[in-house]
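Read through the structure below, which is laid out as structure tokens, and then see the notes.
Values in this document were obtained by computation on a predicted structure and should not be read as measured data. Read the numbers this way: they start at 1 and go in the same order the structure lists the ligands and their atoms.
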Amino acid sequence: MAHYFIVGQGIAGTVLAYTLLRRGHVVHIADNNASQTASKVAAGLFNPITGYRMTKTWLADLLFPFLHRFYPEMERYLGARFFYPLPMYRPFESVAQQNEVLSEISDEKFAKYVEKVVPSDGYGRHIYDPFGGIILQQCGYVDLPVLLTAAKSVWKAQGIYRECEVSESEIYCTNEKVYWQDLSVDYIIYCRGWKETASSLFHLPFRPVKGEILQVRFTNECYDEIINRSCWILPHPDKTYRVGATYHQHDLSPTPSAQGWDELTGKLSKLTSAQWALLGRLAGIRPATYDRRPFIGIHPQQPRIGIFNGLGAKGVSLAPYFATVFAEFLEGKTKQLPLEVAIERCIKV
Ligand SMILES: Cc1cc2nc3c(=O)[nH]c(=O)nc-3n(C[C@H](O)[C@H](O)[C@H](O)COP(=O)(O)OP(=O)(O)OC[C@H]3O[C@@H](n4cnc5c(N)ncnc54)[C@H](O)[C@@H]3O)c2cc1C
């Protein structure tokens, strides 16, 4: 059993803390309660088939069965509901895409993700689908604000959660221990999301990406499934919907923009003719990386300092599996992290 201090309670820090606690370790966690963090504004979607070509996402066959077990277990542990498996309708954009995708999905390796093929104009409910589309399964979303609030409340009650800024200058490390305020732990793990870029501790090649989302209510329509073509419509149980998301690298301001509004409303009007009313707008910065793979590992010169970050646009599907991979590494059960996610791939050792 080891003693950990986790800095940052976004999805990365929360899932890692939960994983370590469940494995019998002692964990303390601190977060500065910033508003509009990536995890607080994210839609929380998980979707094994992505992109224009509808290809299987990286490690889908490993990550998706894992997350479908992981989040329901976490719901039971936290006593809260936040895991919503939902089908996803993906209308085709063109005849060319229809042909391409239909020939791909006849392949056996896609069969478990495809529920059915929808014919031209077959979905109804104000959706433009002149080329038909496919309904995917094993998709859904995690209501991250509910998950984060539940974890914070349980861990506050257990006395292992602190709401405060943790400054690197307050940390004292030896080769055996890390000290911060009254804590003395075996490892400190930084899970600071894109704020890691303000630190010179790890020098990792992040590529932060801003995202924006609309919160809307449809006034003459109801959707029970996620609809996704160029932008997605995500139904919540209270009959409100999230519409998103934009993906821009150059503007890292934390507020919604005119460009984001034009992009999302333009894409939405091409997806559905249903009428909607705006309830709110959100913006956040994704901790994306130069090669779209997470940054996980222990500092090359400081053996008690770790990082679990770089979850990019896929925090919900990457965090559960890679938290376990990292935990096994920290416990010495594996000697090497997979090179695709290990920080050694991009920092000088
Ligand atoms: C608009 C938008 C839509 C998205 N949609 C999806 C989606 O549908 N599906 C999906 O999987 N992903 C989505 N993402 C990406 C997802 O949000 C990220 O992958 C994920 O939230 C990253 O989590 P994190 O914990 O690494 O970072 P963060 O969420 O940024 O968490 C870091 C935490 O650390 C805290 N912190 C930082 N520095 C300190 C400090 N010094 N002391 C104390 N606390 C500190 C911060 O306040 C924050 O709470 C979306 C992102 C955006 C912006």
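Among Ala198, Gly211, Ala12, Gly244, the residue whose heavy atom sits closest to atom 26 (O) of ligand 1 is Ala12. Nearest-heavy-atom check against atom 39 (C) of ligand 1 across Thr14, Asn32, Leu318, Leu311 picks out Asn32. Here the shortest heavy-atom distance to atom 22 (C) of ligand 1, taken over Ala34, Pro287, Gly193, belongs to Pro287. Proximity annotation for atom 31 (O) of ligand 1: of Ala313, Gly10, Gly13, Gly10 comes nearest, heavy atoms only.
In terms of polar-atom proximity, Gly8 is not counted as a contact of ligand 1, lacking any N or O under 3.5 Å from an N or O of the ligand. Taking any N or O of Val316, backbone or side chain, at least one lies under 3.5 Å from an N or O belonging to ligand 1. When only interatomic distances are considered, the shortest N/O to N/O separation between Trp232 and ligand 1 does not fall below 3.5 Å. By the 3.5 Å distance cut-off applied to N or O atoms, Ala38 is counted among the residues near ligand 1. Polar contact with ligand 1: absent for Ile285 (N/O pair, distance under 3.5 Å).
A salt bridge is defined here as a Lys NZ or Arg NE, NH1 or NH2 lying under 4.0 Å from an Asp or Glu carboxylate O, and Lys267 with Glu263 meets this definition. Taking 4.0 Å as the cut-off between side-chain N and carboxylate O, Asp61 and Lys112 count as a salt-bridged pair. Using a 4.0 Å cut-off between charged side-chain N and carboxylate O, Lys156 and Glu163 make a salt bridge. Between Glu331 and Arg23 there is a salt bridge, with a side-chain nitrogen of the basic residue lying less than 4.0 Å from a carboxylate oxygen of the acidic one. Checked for salt-bridge contact, Arg90 and Asp129 miss the test: no charged N lies under 4.0 Å from a carboxylate O. Ion pairing between a basic and an acidic side chain is recognised when a charged N comes within 4.0 Å of a carboxylate O; Glu93 and Lys270 show no such pairing. A salt bridge between Arg281 and Glu212 is present, with a side-chain N of the basic residue lying under 4.0 Å from a carboxylate O of the acidic one.
Proximity to Glu212 (heavy-atom distance under 4.0 Å) selects the following atoms of ligand 1: 1 (C). Counting atoms of ligand 1 from 1 in the listed order, those under 4.0 Å from a heavy atom of Cys191 are 32 (C), 33 (C), 34 (O). Near Ile213, meaning under 4.0 Å from one of its heavy atoms, ligand 1 places the atoms 1 (C), 3 (C). Within the listing of ligand 1, atoms 53 (C) sit less than 4.0 angstrom from a heavy atom of Gly284. For ligand 1, the atoms closer than 4.0 angstrom to any heavy atom of Gly315 are 10 (C), 11 (O), 12 (N), 19 (O).
At the top of the distance list for atom 9 (N) of ligand 1, counting protein heavy atoms only, stands Leu45 O, 2.9 Å. Annotation: atom 42 (N) of ligand 1 to nearest protein heavy atom, Val166 N, 2.9 Å. Closest protein heavy atom to atom 51 (C) of ligand 1: Arg286 CG, 3.4 Å. The protein atom (non-hydrogen) at minimum distance from atom 14 (N) of ligand 1 is Ala42 CB, 3.7 Å. Of the protein's non-hydrogen atoms, Ala43 N, 3.5 Å is the one closest to atom 5 (N) of ligand 1. Nearest protein neighbour of atom 19 (O) of ligand 1, counting heavy atoms only, is Gly312 O, 2.7 Å. Closest to atom 48 (C) of ligand 1 among all protein heavy atoms lies Asp31 OD2, 3.4 Å. Nearest protein heavy-atom contact of atom 21 (O) of ligand 1 is Ser39 OG, 2.8 Å.
No continuous path of hydrophobic side-chain contacts links Ile213 to Leu264 [ILVMFWY only; heavy atoms under 4.5 Å]. If you chain together hydrophobic residues whose side chains sit under 4.5 Å apart, Trp232 and Val216 never meet in one group. A continuous path of ILVMFWY side-chain contacts below 4.5 Å connects Leu311 to Leu144, so both sit in one hydrophobic cluster.
Between Glu100 atom CD and Phe92 atom CZ the span is 10.5 Å, to the nearest 0.5 Å.
In this structure, Phe46 has its ring center under 6.0 Å from that of Phe83.
A heavy-atom separation below 4.0 Å is not found between Ser167 and ligand 1.
Residue contacts with ligand 1, taken as heavy atom pairs separated by less than 4.0 Å, involve Lys314 solely via the backbone atoms N, CA, C and O. In Cys164, the part holding a heavy atom less than 4.0 Å from any atom of ligand 1 is the backbone.
Around the CZ atom of Arg292, the shell of radius 6.0 Å holds no more than 12 heavy atoms that belong to other residues, nucleotides or ligands. More than 12 heavy atoms of other residues, nucleotides or ligands sit less than 6.0 Å from atom CZ of Arg162.
Annotation for Val26: hydrophobic cluster partners, listed by chain and number, are Met1 (ILVMFWY side-chain heavy atoms under 4.5 Å, direct or chained).
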